[in-house]
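Read the structure below first, then the notes.
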Amino acid sequence: MDEGLVENHNLLHAEGLKRAYNADNRIYADGNKMYIAGTEPSMIGNGFWDTLNRSKNFIMDWKDNFTKIPTNTYNTSWKYTRAKEALDKHPEVDTFIGHSAGGSTALELNKRHGNKYKTVTYGAPVFDFSSAPLSDRNMRYRARSEEHTSE
């Protein structure tokens with residue numbers, strides 16, 4: 001793939017993921033793409049109610065990260081449930097882009113729906129013992145979306 005094309009592609013993903021991190025449910029749908037933010041980065045918000053909501057998200061995300069990813073039960077996680085609800089509201093989505101735990105969510109959604117979606121993940125913490133080759137439909141990056149180091 002042309003390096004300029006990869007750079008442009010990743011910058012677009014960075015903007016979509018930024019919007020997901022700023023959304024109340026940490027998910028942003030744009031046309032056929034769904035961006036899924038990773039673990040709540042902070043418990044501190046802008047004011048009491050925002051801090052309360054962020055604290056709840058932070059605790060739920062970290063609990064699920066440590067209990068559901070290693071046990072292959074991420075489809076029962078709080079983040080997965082929110083993403084599935086968003087997908088039900090946006091049937092036009094055919095591509096998931098996720099960062100960190102959002103990447104795990106994207107991969108799990110795709111797996112639970114017969115691998116019919118394209119996935120792009122950045123720094124997804126997953127345990128994957130399959131030997132299935134990566135393709136243009138399933139792109140995984142170790143680095144943040146602003147960087148270009150591919151797995």
ask   = Stepwise, does the side-chain contact (heavy atoms from CB on, under 4.5 Å) test hold for Met34 with Ile27?
value = CA-CA 7 Å; Met34 180 183 293; Ile27 295 166; 3.7 Å; yes
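Using a 4.5 Å cut-off on side-chain heavy atoms (C-beta onward), Asn65 and Thr39 make contact. Proximity of Lys84 to His113: side-chain heavy atoms (C-beta onward) are separated by under 4.5 Å at one or more points. A 4.5 Å side-chain heavy-atom check between Ile97 and Tyr122 finds at least one atom pair inside the cut-off.
The OH atom of Tyr74 sits 10.5 Å away from the CG atom of Leu107 when rounded to the nearest 0.5 Å. Annotation: the span from Glu40 atom CD to Ser100 atom OG amounts to 12.0 Å, rounded to 0.5 Å. The structure places NE2 of His99 at 12.0 Å from OG1 of Thr105, a figure rounded to the nearest 0.5 Å. Atom-to-atom distance recorded for Asn57:CG and Ile59:CD1 is 9.5 Å, nearest 0.5 angstrom. Note that the NZ atom of Lys63 and the CH2 atom of Trp78 stand 10.5 Å from one another [nearest 0.5 Å]. The OG1 atom of Thr81 lies 8.5 Å from the CG atom of Asn75; values are rounded to the nearest 0.5 Å.
Judged by distance alone, the side chain of Asn110 and the main-chain N or O of Lys118 form no donor-acceptor pair under 3.5 Å. Without hydrogens or angle criteria, Arg82 side chain to Asn25 main chain gives a donor-acceptor distance under 3.5 Å. A side-chain donor-acceptor contact under 3.5 Å links Ser77 to the backbone of Tyr80. Within the 3.5 Å criterion, the main-chain N or O of Gly38 finds a donor-acceptor partner in the side chain of Tyr21.
In the displayed structure, Asp24 atom CG is contacted under 6.0 Å by at most 12 heavy atoms of other residues, nucleotides or ligands.
Side-chain atoms of Tyr35 and His13 form no donor-acceptor pair, as typed in the model, at a separation below 3.5 Å. A donor-acceptor contact under 3.5 angstrom links the side chains of Thr73 and Thr71, judged on distance only.
Using a 4.0 Å cut-off between charged nitrogen and carboxylate oxygen, Lys79 and Asp61 count as a salt-bridge pair. Taking a cutoff of 4.0 Å between a charged side-chain nitrogen and a carboxylate oxygen, Glu85 and Lys89 do not qualify as a salt bridge.
Residue Thr121 comes nearest to Ala106 through the heavy atom pair CG2-CB, 4.4 Å, listed as atom of the first residue, atom of the second, then distance.
In this structure, the ring of Phe96 has its center less than 6.0 angstrom from the ring center of Tyr117.
The hydrophobic cluster containing Phe66 also contains Phe58, counting ILVMFWY residues as joined when their side-chain heavy atoms lie under 4.5 angstrom apart, directly or transitively. There is a path of hydrophobic side-chain contacts, each under 4.5 Å, that joins Leu109 to Val93.
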